[in-house]
Amino acid sequence: MTTIISGKDLASSRKAKLRLEIEESLVKYGRRPKLAVILVGNDAGSLSYVRGKAKAADEVGILVDTYHYEDDLTEDFLVNKIKALNADPEVDGILVQLPLPRQIRSDVIIELISPFKDVDGFHPRNVASLYLKHEGILPCTPKGVIALLDSANIEIDGKRAVVVGRSNIVGMPMSKMLLDRNATVTICHSHTKDLASVTSNADILIAALGKPRFIKAEMVKEGAAVIDVGCNRDSNNKLCGDVDFDNVAPKCSYITKVPGGVGPMTICCLMENTYIAYLNHMEGKN
Ligand code: GUN
């Protein structure tokens, strides 16, 4: 039997709990957490992500200031904006929606965000904290995937985990978080030879390569847990994941869907990270 793990339901219950915690903190500290969101340009995917983030923030009681700029924005302007947000005592978290237009170097911008306000967990200090097991802000998508596995009581310790994709946002931190939970981790990518022979050994398979319905049934082990991080549009402009869900699901013990799987958990973890940054801020930890 296959269990579909619902990221939508898990995110809903975690956001309800977070909302209560934020109401209590409002009484204690006299203000709500605030997230600044920066969007440059009008990419349809980015616009939809930013709307989703603002909606979730509203649900949990986090204030959002959204700064939406045209795609001819200069790097200098954005640098000055980030400096101002870093210095603003009312702002707890800063999120710059990626990708940025070509004239703006995203690594320069990410490094400029205060690591204490970097709720995406992309700043080199937070990346280093993950790799050195220091306290820091964890990136939202892999954090959400671990929460999904835990919510279904899927054992990670000692299992073979295969991560398909090696991006800084998902594949790399995902692999490290699974390793920290004592999985035996293999990272696959576009140069991997005979990908199916690797993925079909996975007890836990994380698909994060960004190709519509790429993971087919024959690439998946019977009884595997499959987590689909993909968020693609197919040739009919239909939203779909990296996993060929209809054919793969019958083979799995657990699987997530797109939409309604990892996406809502990414946003939920962003809210949780903003709250953690706010608490650290209010408690004078930074
Ligand atoms: N673009 C795609 N995914 C993400 C994300 O997790 N954070 C930001 N800031 N931009 C993204």
Side-chain angles (χ1 to χ4, degrees), residues 2 4-12 37-57 66 68-71 95-102 104 106 120 122 139-145 148 162-174 187-192 195-196 199 205-220 225-252 254-271:
T2 308
I4 294 171
I5 316 171
S6 168
K8 191 163 171 263
D9 292 351
L10 181 61
S12 271
V37 176
I38 295 177
L39 172 62
V40 186
N42 291 295
D43 173 73
S46 293
L47 279 164
S48 143
Y49 279 129
V50 167
R51 271 196 298 270
K53 288 164 187 174
K55 182 170 169 280
T66 302
H68 189 177
Y69 301 111
E70 290 303 319
D71 61 8
L95 180 139
V96 177
Q97 186 64 34
L98 301 175
L100 287 167
R102 245 183 312 212
I104 304 179
S106 38
D120 261 327
F122 295 167
C140 303
T141 299
K143 186 174 168 172
V145 170
L148 282 165
V162 173
V163 179
V164 188
R166 54 175 161 177
S167 69
N168 288 338
I169 295 183
V170 185
M172 294 306 292
M174 184 78 257
I187 307 171
C188 298
H189 45 78
S190 52
H191 290 230
T192 299
L195 180 66
T199 56
L205 179 61
I206 314 287
L209 67 156
K211 290 191 179 165
R213 301 190 187 95
F214 182 87
I215 303 290
K216 306 290 183 203
E218 60 273 17
M219 301 168 79
V220 177
V226 176
I227 306 290
D228 191 349
V229 180
C231 185
N232 314 295
R233 296 265 166 199
D234 69 9
S235 51
N236 299 317
N237 206 31
K238 187 170 180 258
L239 195 62
C240 70
D242 290 348
V243 177
D244 180 11
F245 181 89
D246 292 345
N247 295 310
V248 170
K251 282 187 88 173
C252 303
Y254 296 92
I255 190 165
T256 60
K257 269 188 159 172
V258 178
V262 173
M265 284 307 297
T266 297
I267 293 181
C268 174
C269 289
L270 175 69
M271 298 303 125

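- Between I267 and K55 there is no side-chain heavy-atom pair separated by less than 4.5 Å.
- Side-chain atoms of T2 come within 3.5 Å of backbone N or O of A249 as a donor-acceptor pair.
- A pairwise comparison of heavy atoms in V248 and A217 identifies CG2-N, 3.6 Å as the closest pair.
- K216 NZ: more than 12 foreign heavy atoms inside a 6.0 Å radius.
- For the pair V164/L205, a side-chain contact is recorded, criterion being any heavy-atom separation below 4.5 Å from C-beta on.
- The minimum heavy-atom distance linking D242 with K211 is given by the pair OD1-N, 3.0 Å.
- Of all non-hydrogen atoms in P264 and A11, the two that sit nearest each other are O-CB, 3.6 Å.
- The main-chain N or O of K257 is never found under 3.5 Å from a side-chain atom of D228 such that the two would form a donor-acceptor pair.
- Judged purely by distance below 3.5 Å, without hydrogens or angles, the side chains of D71 and N42 never pair a donor atom with an acceptor atom.
- S48 places a side-chain heavy atom less than 4.5 Å from the side chain of R51.
- To the nearest 0.5 Å, atoms CG (L10) and NZ (K8) are separated by 13.0 Å.
- How far CG of L95 is from CG of D120: 4.0 Å, rounded to the nearest 0.5 Å.
- No donor-acceptor pair closer than 3.5 Å links the side chain of T256 to the backbone N or O of I5.
- Going from atom CD1 of I215 over to atom CG of N247 covers 13.0 Å, rounded to the nearest 0.5 Å.
- Counting all heavy atoms, side chain and backbone alike, V170 lies closest to P142 at O-CG, 4.3 Å.
- Taking CE from M174 and CD1 from I169, the interatomic distance works out to 14.5 Å, rounded to the nearest 0.5 Å.
- Between the D234 side chain and the N236 main chain, a donor and an acceptor come within less than 3.5 Å of each other.
- Using a 4.5 Å heavy-atom threshold, the side chains of P99 and S46 count as touching.
- The line from CG of L195 to SG of C188 is 5.0 Å long, rounded to the nearest 0.5 Å.
- Note that the CD1 atom of I227 and the OG1 atom of T141 stand 12.5 Å from one another [nearest 0.5 Å].
- With a 4.5 Å cut-off on side-chain heavy atoms, V258 and F245 do not count as touching.
- What you find for Y49 and Q97 is that their closest heavy atoms are CD1-NE2, 3.6 Å.
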TODO: Could you go through the side chain to side chain contact (heavy atoms under 4.5 Å, CB included) check for I255 and I4 one step at a time?
DONE: CA-CA 5 Å; I255 190 165; I4 294 171; 4.1 Å; yes
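- Heavy-atom minimum distance, K251 versus E218: NZ-CA, 4.3 Å.
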